[in-house]
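Here's the structure, in structure tokens; my notes come after.
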Amino acid sequence: MNHSQQSSEGRHDEDTALSDFLASLMDYTPTIPDELVEYYLAKSGFQCPDVRLIRLVAVATQKFIAEVATDALQQCKARQAAVVKDKRDKQQKDKRLILTMEDLSKALREYGVNVKHQEYFADSPTAGLDPASREE
């Protein structure tokens with residue numbers, strides 16, 4: 001076999017694998033509904049009648065969300081572990097994890113997504129006060 005025949009066979013195997021994967025998407029029901037994916041694709045100016053492509057986008061989105069959620073959980077665990085070390089009180093160690101917007105923002109920043117959220121009343125002691133009455 002020469003190099004061009006090997007390259008052709010390798011390409012054929014890749015094409016077959018891709019075709020098989022796309023065909024399997026017809027039988028797969030993603031977590032994110034097709035209608036939701038179609039809505040956001042249409043909103044961005046993309047129209048596609050092929051359900052396989054819609055489901056491929058849904059699967060990719062699902063994977064992205066799962067990775068961000070996992071990274072945010074790691075941020076949360078690291079933050080809460082640091083709080084326990086700071087307090088030096090092992091009796092206060094609460095097993096519940098509390099995911100904050102800060103944890104999610106740090107996880108999203110790793111993927112190039114910058115999140116800015118509004119300041120809520122509980123975020124700082126001066127939130128919600130008249131700007132003239134704030135001590136600066």
Side-chain angles (χ1 to χ4, degrees):
M1 253 191 221
N2 63 23
H3 180 68
S4 65
Q5 287 176 332
Q6 288 175 344
S7 174
S8 175
E9 285 181 10
R11 181 106 161 138
H12 176 70
D13 291 342
E14 289 174 6
D15 290 345
T16 302
L18 180 61
S19 296
D20 292 345
F21 175 69
L22 289 174
S24 71
L25 288 175
M26 291 302 293
D27 299 329
Y28 177 72
T29 304
T31 303
I32 301 170
D34 293 342
E35 295 80 13
L36 184 65
V37 175
E38 287 174 358
Y39 170 79
Y40 281 104
L41 286 176
K43 192 172 179 180
S44 68
F46 183 80
Q47 296 287 330
C48 180
D50 192 352
V51 176
R52 297 173 304 173
L53 187 57
I54 300 297
R55 291 195 179 155
L56 181 62
V57 171
V59 169
T61 304
Q62 182 177 337
K63 181 181 183 303
F64 175 74
I65 291 171
E67 287 178 355
V68 169
T70 300
D71 290 351
L73 177 63
Q74 296 306 316
Q75 292 285 340
C76 176
K77 286 179 179 179
R79 178 182 48 80
Q80 288 189 337
V83 168
V84 169
K85 286 179 184 176
D86 288 345
K87 288 185 177 181
R88 303 275 188 230
D89 187 3
K90 300 297 181 186
Q91 295 170 346
Q92 289 284 354
K93 188 175 181 181
D94 192 2
K95 297 288 183 189
R96 292 180 301 156
L97 297 175
I98 301 169
L99 185 67
T100 64
M101 192 64 190
E102 180 183 336
D103 299 326
L104 184 59
S105 295
K106 285 180 181 178
L108 284 168
R109 202 171 304 129
E110 293 176 16
Y111 294 92
V113 178
N114 294 318
V115 177
K116 294 180 181 177
H117 63 282
Q118 294 291 332
E119 189 172 304
Y120 295 102
F121 291 113
D123 285 348
S124 74
T126 60
L129 294 177
D130 181 24
S133 66
R134 288 186 186 178
E135 295 177 24
E136 303 202 28

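Heads up: numbering here begins at 1 and tracks the sequence.
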Reported CG-to-CG distance for the pair Leu41 and Leu36, which is rounded to 0.5 angstrom: 9.5 Å
Report the distance from atom CZ of Phe21 to atom OG1 of Thr16, rounding to the nearest 0.5 Å. 15.0 Å
For the residue pair Thr31 and Val59, establish whether any side-chain heavy-atom pair is separated by less than 4.5 Å. no
Strictly under 6.0 Å, is that where the ring centroids of Tyr40 and Phe46 end up? no
Can you confirm whether Leu73 sits close enough to Leu99 that some side-chain heavy atom of one is under 4.5 Å from a side-chain heavy atom of the other? no
Can you confirm whether Leu56 sits close enough to Leu25 that some side-chain heavy atom of one is under 4.5 Å from a side-chain heavy atom of the other? yes
4.5 Å side-chain heavy-atom contact, Leu104 and Val115: no
Short question: side chain of Asp103, backbone of Thr100 - any donor-acceptor pair under 3.5 Å? yes
Contact summary for Val57 and Val37, nearest pair of heavy atoms: CG1-CG1, 3.7 Å
Got a donor-acceptor contact below 3.5 angstrom from the Arg55 side chain to the Met26 backbone? yes
Going by heavy atoms in the side chains, are Ile65 and Thr61 under 4.5 Å from each other? yes
Student check: side-chain heavy atoms of Gln75 and Glu110 closer than 4.5 Å: yes
Kindly compute the distance separating CD (Gln80) from CZ (Arg96), expressed to the nearest 0.5 Å. 9.5 Å
Looking at every heavy atom in both Cys76 and Ile98, which two are closest together, and how far apart are they? SG-O, 3.2 Å
Leu53 and Val51: same hydrophobic cluster, using ILVMFWY side-chain contacts below 4.5 Å? no
